[in-house]
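Worksheet: the structure to be examined is printed underneath.
Just so it is clear, the model here is predicted, and its values are computed rather than measured.
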Amino acid sequence: MSLVWHSIKLPPNEIYLDKLLRCGQAFRWVKNDNIWSSTLNNRVVFLRQIEDQLEYASLTSLKENSPKVKKLQPKLEEEIQDDVLGLISDYLNLQISIVQLYKDWASKDAHFAKVSAAFAGIRMLQQDPWETLISFICSSNNNVKRISKMCHALCLEYGDFIVEYAGTKYYTFPTPDQLASRASEASLRELGFGYRARYVYETSKMLADDKALFMQLHSMRSSNFTDEQVHEFLLQFKGVGPKVADCVALMSLNRHSLVPIDTHVLQFARRDYSYKFRGRSNATLSSAMYVDMKRFFVEKWGGYAGWAHSVLFTRDLKLE
């Protein structure tokens, strides 16, 4: 089985895969031989960057590639590649030029202008809301390496096998029904989820038992809802506080202005922007401060404040 590669002209200042796919937005991308791979929509997607070209390939289930399925559902190779390109373009938010956004942020923010050149190409992914919800429930008091391990364990234990390539077996991210029926709080604890096991299981059960709620989660991408409505909707799920809610909204529900606030963001707000809450530089992070800091960054960066925050967040990760 070999990969068939296609390319999009996309310079590194529009996308820098090696930083983007390790900066704490998504947790299931793996790099081997300069090729990144993960599963999206029951398909394995491969990405690599060569100068000003973003190259992509994909594989799907062997069952879908069988002659019988091909006969029942004939599809031209061109149509398949159009589907994959559409999937990738949507996932990477390629309709948005971050070169222009960087210029806009730099014109408003001297600190951003100073440091951002070394961190070009950090854009916001548009991920599946369900997977993003579970991933960020796992992120509580955690690091990127351990969150990734948890997400991979969910796929291996409870997802569906898609295909094997170059010695790696790829699985789907489990649905709410699969997690609710195949997993338990005890089994998730055995996989190393700790106290998050209860949150993951109860959230999956909520969505498995209420299909309308699952549909509503995905409908939150609509512009008919305000950022505040989306935020409040997400808070109903177990293990979701203000920061996790804003991460899910920003990274999967088109809420581009939301800046998830945690102690790390508080540190660089004080260090780089002399942020003070009600005149105090040493105040601890409270609900009122959380709201105030979100407003502070939106006033500084505008409608894509969440994207700008991700650039500075990536900078502080000190990725090699």
Side-chain angles (χ1 to χ4, degrees), residues 1-62 64-65 73 75-102 120-133 135 148 151-152 155 159-160 162-166 168 170-173 218 221 248 250-256 304 306-307 310-311 314:
M1 186 187 304
S2 59
L3 298 178
V4 178
W5 290 95
H6 302 264
S7 66
I8 315 167
K9 186 171 183 180
L10 204 64
N13 60 350
E14 279 289 356
I15 188 167
Y16 191 163
L17 285 183
D18 283 352
K19 286 188 170 67
L20 174 62
L21 299 181
R22 294 190 296 144
C23 72
Q25 290 189 50
F27 303 99
R28 294 196 298 115
W29 286 94
V30 177
K31 187 181 183 184
N32 289 302
D33 297 325
N34 291 318
I35 297 173
W36 288 94
S37 63
S38 186
T39 62
L40 302 175
N41 286 21
N42 301 315
R43 179 179 290 276
V44 185
V45 172
F46 301 86
L47 299 175
R48 66 185 181 189
Q49 196 157 17
I50 301 176
E51 297 180 349
D52 65 347
Q53 299 291 319
L54 177 67
E55 299 192 336
Y56 66 93
S58 74
L59 295 173
T60 189
S61 168
L62 292 176
E64 291 184 25
N65 286 329
Q73 297 178 322
K75 207 164 193 181
L76 297 174
E77 171 66 18
E78 292 82 359
E79 292 176 310
I80 294 172
Q81 293 312 317
D82 285 346
D83 290 346
V84 176
L85 178 56
L87 173 64
I88 293 170
S89 297
D90 183 65
Y91 182 82
L92 297 175
N93 268 317
L94 294 185
Q95 76 279 9
I96 297 172
S97 169
I98 60 166
V99 171
Q100 293 303 316
L101 288 176
Y102 271 57
I122 306 301
R123 58 176 50 251
M124 189 58 58
L125 303 176
Q126 180 168 245
Q127 303 175 71
D128 174 73
W130 153 248
E131 179 175 345
T132 308
L133 174 61
S135 297
S148 296
C151 291
H152 284 295
C155 298
D160 292 331
I162 301 175
V163 71
E164 181 174 354
Y165 177 75
T168 299
Y170 292 90
Y171 295 81
T172 62
F173 192 84
H218 289 75
R221 278 187 177 175
V248 176
L250 171 64
M251 299 176 196
S252 68
L253 297 174
N254 287 329
R255 304 296 148 177
H256 305 302
Y304 283 82
W307 291 47
S310 186
V311 177
T314 302

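For OH of Tyr171, the number of neighbouring non-hydrogen atoms (other residues, nucleotides, ligands) closer than 6.0 Å is greater than 12. Within a 6.0 Å radius of CD in Gln95, other residues, nucleotides and ligands contribute more than 12 heavy atoms.
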Does the side-chain contact (heavy atoms from CB on, under 4.5 Å) test come out yes or no for His218 and Trp130, once each step is laid out?
CA-CA 8 Å; His218 289 75; Trp130 153 248; 4.2 Å; yes
Could you please spell out the steps behind the side-chain contact (heavy atoms from CB on, under 4.5 Å) verdict for Leu101 and Ile98?
CA-CA 5 Å; Leu101 288 176; Ile98 60 166; 4.2 Å; yes
Decide yes or no on side-chain contact (heavy atoms from CB on, under 4.5 Å) for Thr314 and Ser310, but give the supporting numbers first.
CA-CA 6 Å; Thr314 302; Ser310 186; 4.2 Å; yes
Would Arg123 and Leu20 count as a side-chain contact (heavy atoms from CB on, under 4.5 Å) if you check the C-alpha gap in whole Å, the side-chain angles of each, and the deciding distance to 0.1 Å?
CA-CA 7 Å; Arg123 58 176 50 251; Leu20 174 62; 3.9 Å; yes
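Atom OG of residue Ser58 and atom CZ of residue Phe46 lie 8.5 Å apart, to the nearest 0.5 angstrom. Expressed to the nearest 0.5 Å, how far CG of Asn93 lies from CH2 of Trp307 amounts to 4.0 Å. From Leu40, atom CG reaches atom CG of Leu87 across 5.0 Å, with rounding to the nearest 0.5 Å. Between the CG atom of Leu94 and the CD1 atom of Ile15 there is a distance of 6.0 Å, given to the nearest 0.5 Å. In this structure, CD in Gln126 is found 4.0 Å from CZ in Arg221, a value given to the nearest 0.5 Å. Atom CG of residue Leu59 and atom OG of residue Ser2 lie 9.0 Å apart, to the nearest 0.5 angstrom.
Side-chain contact check for Val84 versus Arg43: some heavy-atom pair is nearer than 4.5 Å. In this structure, Leu47 and Ile88 have side chains that are in contact, with non-hydrogen atoms separated by less than 4.5 Å. Residues Leu250 and Met124 form a side-chain contact, since some pair of their non-hydrogen atoms from C-beta on lies under 4.5 Å apart. Considering only heavy atoms from C-beta on, Asp52 stays 4.5 Å or farther from Leu10 through its side chain. In this structure the side chain of Ile8 reaches within 4.5 angstrom of the side chain of Tyr56, judged on heavy atoms. In this structure, Asp128 and Tyr91 have side chains that are not in contact, with every pair of non-hydrogen atoms separated by 4.5 Å or more. Proximity of Phe173 to Arg28: side-chain heavy atoms (C-beta onward) are separated by under 4.5 Å at one or more points. For the pair Asn42 and Thr60, the minimum side-chain heavy-atom distance is 4.5 Å or more.
Across all non-hydrogen atoms, the minimal contact from Ile96 to Glu14 is O-OE1, 4.1 Å. Taking both residues in full, the closest heavy atoms of Leu133 and Val248 are given as CA-CG2, 3.8 Å, listed atom of the first, atom of the second, then distance. Closest approach of Ser252 to Pro129, counting heavy atoms only: OG-CA, 3.5 Å.
Remark: the backbone N or O of Gln53 is not paired with any side-chain donor or acceptor of Ser7 at under 3.5 angstrom. Side chain of Gln25 to backbone of Gln127: no donor-acceptor contact under 3.5 angstrom is found. A distance-only check finds a donor-acceptor pair linking the side chain of Arg22 to the backbone of Asp18 [under 3.5 Å]. Formation of a donor-acceptor pair under 3.5 Å by the Ser148 side chain with backbone atoms of Phe27 is found in this model. A distance-only check finds a donor-acceptor pair linking the side chain of Gln49 to the backbone of Leu17 [under 3.5 Å].
Between the side chains of Tyr170 and Ser37, at least one donor-acceptor pair of N or O atoms lies under 3.5 Å.
Both cation-pi conditions hold for Arg48 and Trp5: the charged atom is under 6.0 angstrom from the six-membered ring centre and inside a 45 degree cone around its axis.
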